[in-house]
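Report on the structure given below.
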Amino acid sequence: MRHARRRVVRRVTRLAAVGGLLLGGTMVTHAVASEPGTPDAVPFSTASPADASGPGAGLVRRLGTSRTAGSWVGEDGRTVVAVTDEEAAAVVRAAGAEPRMVRHSMDDFDSATRTLSSAPRVPGTAWMKDYRSNQVVVRGDSTVSEDDWSSLTEVADGIGDFVRMERIGGIFTTRLAGGLPVLSTAGRCSAGFNVTDGRREFILTAGHCGPQGSVWFSDDGGRKKVGTTVGGSFPGDDYSLIAYEGGKAGENAGVVAVGGGKGVRITGVADPTVGQRIFRSGSTSGLRDGEVTALDVTVNYPEGTVGGLIESDVCAEPGDSGGPMFSEGIALGVTSGGSGDCRSGGVTYFQPLTKALADLDLKLIVAPGADGGGPSPEPSQAQGVAAPDAATPGSSTSVRGILPDPSTLVSRLADPRNVGPGLLVTGGSLVALVASRWIRAEQDRKAYRRQYSALWG
């Protein structure tokens, strides 16, 4: 009876060990097959300004700069296009948009901004094309002297009465001091979006955050290295690239952090529209929302002039530089600078993402859809953008961080998404199988000795 029980135990042990080997092998295969970081697991997407700006921009390109003066999203979400003649207005109506008759064309705007750019540079000033008022607006912050402001006013008067002069409080500054903090000897900025050249992966952030060669960390002590700045443009533009230390962004590469352990899936890239509701995330002030108020803005920061910026009434504070700007999961830009703060309000400028990607010949890393499949489709030109009061940041998800996660060895082994659990099961099964074979051999040896002793004495 005792021998029968032993045989049953040995058989069960062997079967369990063999089953463990098969299970462990399956777990390892699954973990390797689902490892992130390949184009299939983390899709890539790009869009150019020509096909990503919505129906208003398409109509403006079609009609030309002499017959139009920009487009924007009305309060009801309908596209409005500024036109200079009735024939152009008829084309806009036929396309389902609303025409707005104006006096000055985009050509007039471009001529005015060229004249302003050729005047002596005055730090603390900025100018924008205000499509809705059909004016060029020149702003001066509190640092601009009365003499400099008078000189600039004379230049504006020479252009025409459609140039409006405005003094504002605060100071135009770069926001040095998505959404997660990165630190170096140059200061603190916010991570923007993850991008790739097809081989390596990078953080795209603001160019003023640090010169080429700046080393970035995710902690104050300088122990958790993120990467090194390898290129960018500032002034002129305001973007730079941080090459990841290990070459890869890691988990949640297509997600931007918005605080509280939450993130937003990024599914595409586009240019914004005036009047569009947007969101931005930064390591100082978190997630904030506002409206795009102007495009192609020129700002004369103390460090230099940056052109082609997006203007918004969303607030930002020092340390938010480089943080992501997005809407409905579509990446739009990275935070450059502005004036004011999130207590009193202000104006914030963003580097358009499409321009940076085109200049650097890079692609945006986007997130798989909520079902684990490909990214959600981008809005079509026919759809335009959501009405300002209906827009959302995008599809939310939990996020452990877009920067390298300092996981312990034990937690990495225990994570079912890694190969560790499968290797542990496989190793344990091999030990059990070897042990069962050794126990059987030892039992057979002892039985043989007993039988030999009984026969020969």
Side-chain angles (χ1 to χ4, degrees), residues 49 52-54 56-57 70-75 77 80 126-133 137 139 141 166 168-175 178-179 190 192-193 205-206 208 237-239 256 258 264 269-282 284-299 301 306-356 385-394:
S53 305
S71 65
W72 61 93
V73 178
E75 291 183 0
V80 182
W127 45 83
M128 53 170 280
K129 304 167 184 175
D130 188 349
Y131 300 155
R132 287 179 281 200
S133 70
V137 180
R139 295 195 176 116
D141 68 16
E166 289 183 353
I168 66 168
I171 301 173
F172 289 137
T173 62
T174 53
R175 293 308 195 182
S190 299
F193 298 98
T205 188
H208 69 263
D237 300 294
D238 196 2
Y239 58 79
V256 294
V258 295
V264 171
V269 57
D271 282 327
T273 301
V274 172
Q276 179 179 357
R277 187 186 181 199
I278 56 88
F279 302 81
R280 67 135 198 90
S281 181
T284 299
S285 55
L287 181 66
R288 305 281 176 160
D289 71 294
E291 183 179 299
V292 175
T293 51
L295 304 175
D296 195 20
V297 179
T298 298
V299 181
Y301 293 124
V306 180
L309 296 175
I310 303 161
E311 182 185 87
S312 172
D313 60 8
V314 67
C315 70
E317 297 185 353
D320 289 332
S321 279
M325 170 194 180
F326 50 93
S327 183
E328 302 291 337
I330 303 300
L332 302 171
V334 293
T335 305
S336 172
S339 66
D341 54 41
C342 290
R343 293 175 296 280
S344 59
V347 61
T348 302
Y349 301 106
F350 299 86
Q351 166 68 49
L353 191 59
T354 53
K355 172 69 160 54
V385 297
D389 59 353
T392 63

Practice prompt. For Arg277 and Val292, indicate whether the former's side chain and the latter's backbone hold a donor-acceptor pair under 3.5 Å.
Written response: no
Item to complete: Find out whether Ser339 and Asp141 are in side-chain contact, i.e. whether some heavy atom of one side chain is under 4.5 Å from a heavy atom of the other.
Response: no
Worksheet item: Are side-chain heavy atoms of Leu295 and Tyr131 found at a separation under 4.5 Å?
Response: yes
Fill in: Asp237 side chain vs Tyr239 backbone, donor-acceptor pair below 3.5 Å
no
Item to complete: Please check if the side chain of Ser281 supplies one atom and the backbone of Gly323 the other of a donor-acceptor pair under 3.5 Å.
Response: no
Worksheet item: Measuring from Thr335:OG1 to Ile310:CD1, what's the distance to the nearest 0.5 Å?
Response: 10.0 Å
Discussion item. Parallel, tilted or perpendicular: which one describes the rings of Phe279 and Phe326, with boundaries at 30° and 60°?
Written reply: parallel
Worksheet item: Does Cys315 offer a backbone N or O that forms a donor-acceptor pair with the side chain of Arg280 under 3.5 Å?
Response: yes
Worksheet item: Is there a side-chain contact between Phe172 and Val347 (heavy atoms, below 4.5 Å)?
Response: yes
Worksheet item: Do the non-hydrogen side-chain atoms of Ile278 and Ser312 ever get within less than 4.5 Å of each other?
Response: yes
Practice prompt. Verify, without hydrogens or angle tests, whether Thr354 (side chain) and Asp271 (backbone) share a donor-acceptor contact under 3.5 angstrom.
Written response: no
Practice prompt. Using modelled atom types only, decide if a donor and an acceptor are shared between the side chain of Tyr301 and the backbone of Gly337 within a distance under 3.5 Å.
Written response: yes
Worksheet item: Would Thr348 and Met325 satisfy side chain to side chain contact (heavy atoms under 4.5 Å, CB included), going step by step from the backbone distance to the final call?
Response: CA-CA 11 Å; Thr348 302; Met325 170 194 180; over 6 Å; no
Practice prompt. Please check if the side chain of Gln351 supplies one atom and the backbone of Asp238 the other of a donor-acceptor pair under 3.5 Å.
Written response: yes
Item to complete: Measure the spacing between CE of Met128 and CG of Asp296 and express it to the nearest 0.5 Å.
Response: 11.0 Å
Worksheet item: For the atom pair CG (Asp130) and CD (Glu311), what is the distance rounded to the nearest 0.5 Å?
Response: 8.5 Å
Worksheet item: Hey, does Arg288 have a side-chain heavy atom less than 4.5 Å from the side chain of Asp320?
Response: no
Worksheet item: Asp313 and Thr293: side-chain donor and acceptor closer than 3.5 Å?
Response: no
